[in-house]
Amino acid sequence: MKTILVTGGTGQLGQALRQQAAAYRDLQFVFAGSVQADITKWSEVKQLVYMVKPDAIINCAAYTNVDAAQADEDGAFLVNTAGAGYLSMAAYEIGIPIVYPSTDYVFDGRGINNDNGNIRPYREYDPTNPCTVYGRTKMMGEQLTARHNPRHYIIRTAWLYGKGNNFVRKILKASRQDTVRVVADQTGSPTSAMELAKAILALLKSGQYGLYHCVCEGSCSRYELACEIYCQLGIRTKVIPVTTEEYPTAVVRPRYSVLDNYMLRLTTSIRCSHWRDALAEYLASNKVW
Ligand SMILES: NC(=O)c1ccc[n+]([C@@H]2O[C@H](COP(=O)([O-])OP(=O)(O)OC[C@H]3O[C@@H](n4cnc5c(N)ncnc54)[C@H](OP(=O)(O)O)[C@@H]3O)[C@@H](O)[C@H]2O)c1
C-alpha cells in the first residue's frame, strides 16, 4: 500500500483530500497540520518526512490570507516559498514526487488577448506577473518546488471553497441581511475543493509531472456567484452589484483571473465539473449556512 503525506491537512483542500481518501483503498493517507510539523522549519520537515516515509507528498500548507500576507511578507514567504522548498527538497532526498497547489494570483488579472482582441483565460505558458505579496510568494513557491525536485506537479487553482473560510461561506453568512453588496467586475473560476482533490489524486496516479491549471469549468463574476448561491438555495436576500472601487479591500484582487485547464485537457482525461454543478453538490452536502 502506498502512503501519501498531506501537509496543510486541516485546511480546505486537506479536508477535501481527507473526504476523498475513503475512495482510494490502495492508498494510505497521513495528514499533518502545523501542530505536527511547521513547514517553515527544515528540521521539522525532515523529521516528518523521514518518519512517515511517504510515496508522495501533497503540500496543501499555505499562507492563504491575501490581505494579511500583504502586511506580513516575511510570514507569507516562509510558508509559501521557503516551506514549499523544504518539502520539495525532502521529497527529492527520499526519491518521491511532490504536489504544490498554486494560485491564479500568479497572474496580474489584466487577462491575455487572443487573436480577435478578446480576453481569453490564462494558460500554463502565459507569463506570470503577480501583483500581491501572496501571489509573489506562491510564484516563488512554484519555482523552488520545481527547482528542488524534477518529479513535481504544480497545480494552479482559483476561488477555492470547501470546509473553511471562503467566499461562498461569506455569502451564505450574509444571507441573514436583506441586501448584500458584491463586486461585479472581478471574474474568475470558482472551484470546489472536492473537485480539485479528485483531480490531484488522479494526476498523481498518472505520473505526468508538470505545470497544470485545475479549476471548475466556466467562469463568472463574484456578483454572479453570489446570485447563483442564493438562487440554488431559494434565498431572497437581494444582491447589489458594486465595483471594486466601491468595495475597497487591503489588497486589490485580480480583475480577470479565469484559468484554462489547457494541459489537463490536452494531455489527460481528467475533467472538472462546471462550477454551477460543483456548487450545487457543495451546497447539498455541506450544511455550511
Ligand atoms: N483558498 C483559496 O481561495 C485558494 C485559491 C487558489 C489557490 N489556493 C491554494 O490552494 C492550497 C490550499 O488552500 P486552502 O484554501 O486549503 O488553505 P487553508 O484552508 O488556508 O489551509 C492552509 C493550511 O496550511 C497550514 N499551514 C499554515 N502555515 C503552516 C505552517 N507554517 N506549517 C504547516 N502547516 C501550515 C494550516 O495548518 P494549521 O491550520 O494547522 O495552521 C492549514 O492546514 C494552497 O496552496 C493555496 O495557496 C487557495
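Along the sequence shown, residues carry numbers from 1. When a ligand or atom number is given, it counts from 1 through the structure's own listing order.
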Report each N/O pair between ligand 1 and the protein that falls under 3.5 Å, naming both atoms.
{"from": "ligand 1", "atom 1": "3 (O)", "to": "Leu160", "atom 2": "N", "distance (Å)": "3.1"}
{"from": "ligand 1", "atom 1": "15 (O)", "to": "Gln12", "atom 2": "NE2", "distance (Å)": "3.0"}
{"from": "ligand 1", "atom 1": "16 (O)", "to": "Gln12", "atom 2": "N", "distance (Å)": "3.0"}
{"from": "ligand 1", "atom 1": "16 (O)", "to": "Leu13", "atom 2": "N", "distance (Å)": "2.8"}
{"from": "ligand 1", "atom 1": "19 (O)", "to": "Gln12", "atom 2": "N", "distance (Å)": "2.9"}
{"from": "ligand 1", "atom 1": "20 (O)", "to": "Thr64", "atom 2": "OG1", "distance (Å)": "2.6"}
{"from": "ligand 1", "atom 1": "24 (O)", "to": "Ala62", "atom 2": "N", "distance (Å)": "3.1"}
{"from": "ligand 1", "atom 1": "31 (N)", "to": "Asp38", "atom 2": "OD1", "distance (Å)": "2.9"}
{"from": "ligand 1", "atom 1": "32 (N)", "to": "Ile39", "atom 2": "N", "distance (Å)": "3.0"}
{"from": "ligand 1", "atom 1": "37 (O)", "to": "Thr10", "atom 2": "OG1", "distance (Å)": "3.3"}
{"from": "ligand 1", "atom 1": "39 (O)", "to": "Thr10", "atom 2": "OG1", "distance (Å)": "2.9"}
{"from": "ligand 1", "atom 1": "40 (O)", "to": "Thr10", "atom 2": "OG1", "distance (Å)": "3.4"}
{"from": "ligand 1", "atom 1": "40 (O)", "to": "Ser34", "atom 2": "N", "distance (Å)": "3.0"}
{"from": "ligand 1", "atom 1": "40 (O)", "to": "Ser34", "atom 2": "OG", "distance (Å)": "2.8"}
{"from": "ligand 1", "atom 1": "41 (O)", "to": "Ser34", "atom 2": "OG", "distance (Å)": "2.9"}
{"from": "ligand 1", "atom 1": "43 (O)", "to": "Gly8", "atom 2": "O", "distance (Å)": "3.3"}
{"from": "ligand 1", "atom 1": "43 (O)", "to": "Thr10", "atom 2": "N", "distance (Å)": "3.4"}
{"from": "ligand 1", "atom 1": "43 (O)", "to": "Thr10", "atom 2": "OG1", "distance (Å)": "2.6"}
{"from": "ligand 1", "atom 1": "43 (O)", "to": "Gly11", "atom 2": "N", "distance (Å)": "3.0"}
{"from": "ligand 1", "atom 1": "45 (O)", "to": "Pro101", "atom 2": "O", "distance (Å)": "3.1"}
{"from": "ligand 1", "atom 1": "45 (O)", "to": "Lys138", "atom 2": "NZ", "distance (Å)": "2.7"}
{"from": "ligand 1", "atom 1": "47 (O)", "to": "Tyr134", "atom 2": "OH", "distance (Å)": "2.7"}
{"from": "ligand 1", "atom 1": "47 (O)", "to": "Lys138", "atom 2": "NZ", "distance (Å)": "3.1"}

Lys/Arg cation over aromatic Tyr161: Lys170, 6.0 Å, 45° cone: no
Which of these passes side-chain contact (heavy atoms from CB on, under 4.5 Å) with Val79: Thr64, Ile39, Thr137? Ile39
Determine, for Trp159 and Arg253, whether the Lys NZ or Arg CZ falls below 6.0 Å from the six-membered ring centre while staying within 45 degrees of the axis. no
side-chain contact (heavy atoms from CB on, under 4.5 Å) evaluation trace for Val35 with Thr10: CA-CA 10 Å; Val35 175; Thr10 54; over 6 Å; no
Can you list, by chain and residue number, the hydrophobic cluster partners of Tyr209 when the side-chain cut-off is 4.5 Å? Ile4, Val6, Leu13, Leu17, Tyr24, Leu27, Phe29, Phe31, Ile58, Val99, Tyr153, Ile155, Leu160, Leu196, Ile200, Leu201, Leu203, Leu204, Tyr212, Met263, Leu264, Ile270
Heavy-atom nearest pair, Ala84 first then Thr145, reads CB-OG1, 3.8 Å
